[in-house]
Amino acid sequence: MLRVRGTTYHFRRIVPPALRAALNRREIWVSLKTGYQNEARKRASLLHARTTELFMQTHSVLAEPDALGRLEGLRVALRDLQSVNLPSSAQETGFKTVSAPVPKPRTVKKPAKTPKAQPLMLSGALKCFVLDSPHASADTKKATQRAVDLFLQAFGDAPVSIIGGEKAGAFRDVLFSLPASLGKRKSTLTLEEEAQRAREEGLPTLSGKSVKNHMMRLSALWNQLHQRELVTRNPWTGWNFENGQKTVRRSWTAKELALLASASWHSTSVPEHTFELVTLIAAYSGMRLGEICTLRKEDLQTVDGIPCFLIRPHTETGWAPKTEAGNRVVPVHSKLIEAGVLALKDTTDSPYLIPGLETSKQGVRGAALGRAFSLLKTRIGLPAEITFHSFRHTVSTQLRNAHTDIREVWIDRLLGHEATHKSQGTTTYLTGISTANLQQTIEAISYPETAFKKERFKREPAVSNGYPR
């Protein structure tokens, strides 16, 4: 932008090709009236910002029906750039001049000022260059909208000119912390809360491929902005999308379960009986924490003569299983029946089967239990590889290593996994697996005697505070 003519620096900037006809210029030259490079750079920076505003205004004006009238004002503004930020000769030289009598100025009507251009916001750039573009495909519009929406949720709207590498890197980190199921279910959680839920429940997070796709959509948008000289560089390129050293979740060992069983419960937000009940159900069913905590009384039913948990959507709260395969029937393990789980349907006061849990402001039931479990495992020294979700890993591992005649598709159906082979025949077969086969599968789950406390959730005859005693 800086050019030297003689001993004086000048500002030079090329007018974007699309605007040359409208502004009657190919380039802009302005004398900076200084021979000092540092001072020239400061003045050139202000002129660059002003010309960027004028270019953006011209882009907007060209789309309006009365463009000719407003374009003349913009041409005048370009000619007046000399007065944007040039200091007086006294400021330049450092000498004071003797003031001479100045005649009283005549009253001159000031010309109307050109309205100051507003900075181009990210939301505006999305609309102007993607959503309103006749050349962008429907897939491009949808994917770019999704990427921008995630950025806006994380950081809010901002001028594209100030979004640089620091913000791009922070957005990349946010994406890697989000659960892989994000967007596949209704949720009122903020991105920060979604990331916290993923950490506490040990959920799989967005893959490097997914993060890369979001970043590439923003990079494509920035390429357009850079070509139009609305930004100076593209901060969305050159990133690595490897997940790094990611903690691999695993199953419980017998020693770790015994350590958990012997630990004292310190949480004041979740009763100990509730914690023991939820962990026991998770261990003998493989259900997710959210699935257990949202069970209602009517979700405990007898199917084909077998007591079962029904995992299904709750339209009144908007909760639903994370996938279509998550809608399923899970027979109640005999150990849970011995512990008195069936009695919960008659002894709890709330519509939910599991007592002692509150629903958070974001509509998540069991969030407090997830946080309390994380604190407990840290306090007793369990490794990072062990999370509440590890109960599900343990059930899956046990069933796939069982010596009984258990088929793979029965395990998939019980855990709510998509079938390994997604042929039409397999899909049809999955819907026809008998409850007896699922019961045979669930009964293959077993643990050492030291794995859980010798508690019974049904104690005759009293019921106190809504909890079975």
Point to revise | Under-4.0 Å salt bridge between K297 and D349 | key: no
Check your understanding: Within the side chain of S390, is there an N or O that forms a donor-acceptor pair under 3.5 Å with the backbone of T387?
Key -> yes
**Study point:** More than 12 heavy atoms of other groups within 6.0 Å of K141 NZ
**Key:** yes
Check your understanding: Is any NZ, NE, NH1 or NH2 atom of the basic residue among E193 and R197 found under 4.0 Å from an Asp or Glu carboxylate oxygen of the other?
Key -> no
Please tabulate, one pair per line, all N/O donor-acceptor pairs under 3.5 Å involving side-chain atoms of residues 376-383, not counting sequence neighbours.
from	atom 1	to	atom 2	distance (Å)
K377	NZ	P383	O	3.3
K377	NZ	I386	O	2.6
T378	OG1	S374	O	2.9
R379	NH2	S264	O	2.6

For residues 153-165, tabulate all N or O donor-acceptor pairs below 3.5 Å that involve a side-chain atom, not counting sequence neighbours.
from	atom 1	to	atom 2	distance (Å)
D157	OD1	L122	N	3.3
D157	OD1	S123	N	3.2
D157	OD2	S123	OG	2.4

Exercise for review: Determine yes or no for a side-chain-to-main-chain donor-acceptor pair under 3.5 angstrom, with T274 supplying the side chain and P355 the backbone.
Suggested key: yes
**Study point:** Whether over 12 other heavy atoms sit under 6.0 Å from E324 CD
**Key:** no
**Study point:** E291 and W319, any side-chain heavy atoms less than 4.5 Å apart
**Key:** yes
Practice item. Please indicate whether E358 has more than 12 foreign heavy atoms, meaning atoms of other residues, nucleotides or ligands, lying under 6.0 Å from its CD. Key: no
Review point. Are K345 and E298 ion-paired here, with the side-chain N under 4.0 Å from a carboxylate O?
Key: no
**Study point:** Atom pair CE/CZ of M216 and F241 - distance to nearest 0.5 Å
**Key:** 8.5 Å
Point to revise | Crowding at CD, E27 (>12 non-hydrogen neighbours, <6.0 Å) | key: yes
Review point. Taking only residues two or more places apart in sequence or in another chain, which ones pass ring-ring contact (aromatic ring centres under 6.0 Å, His included) with F388?
Key: F373, F391
Review point. Is the CE atom of M121 crowded by more than 12 outside heavy atoms at less than 6.0 Å?
Key: yes
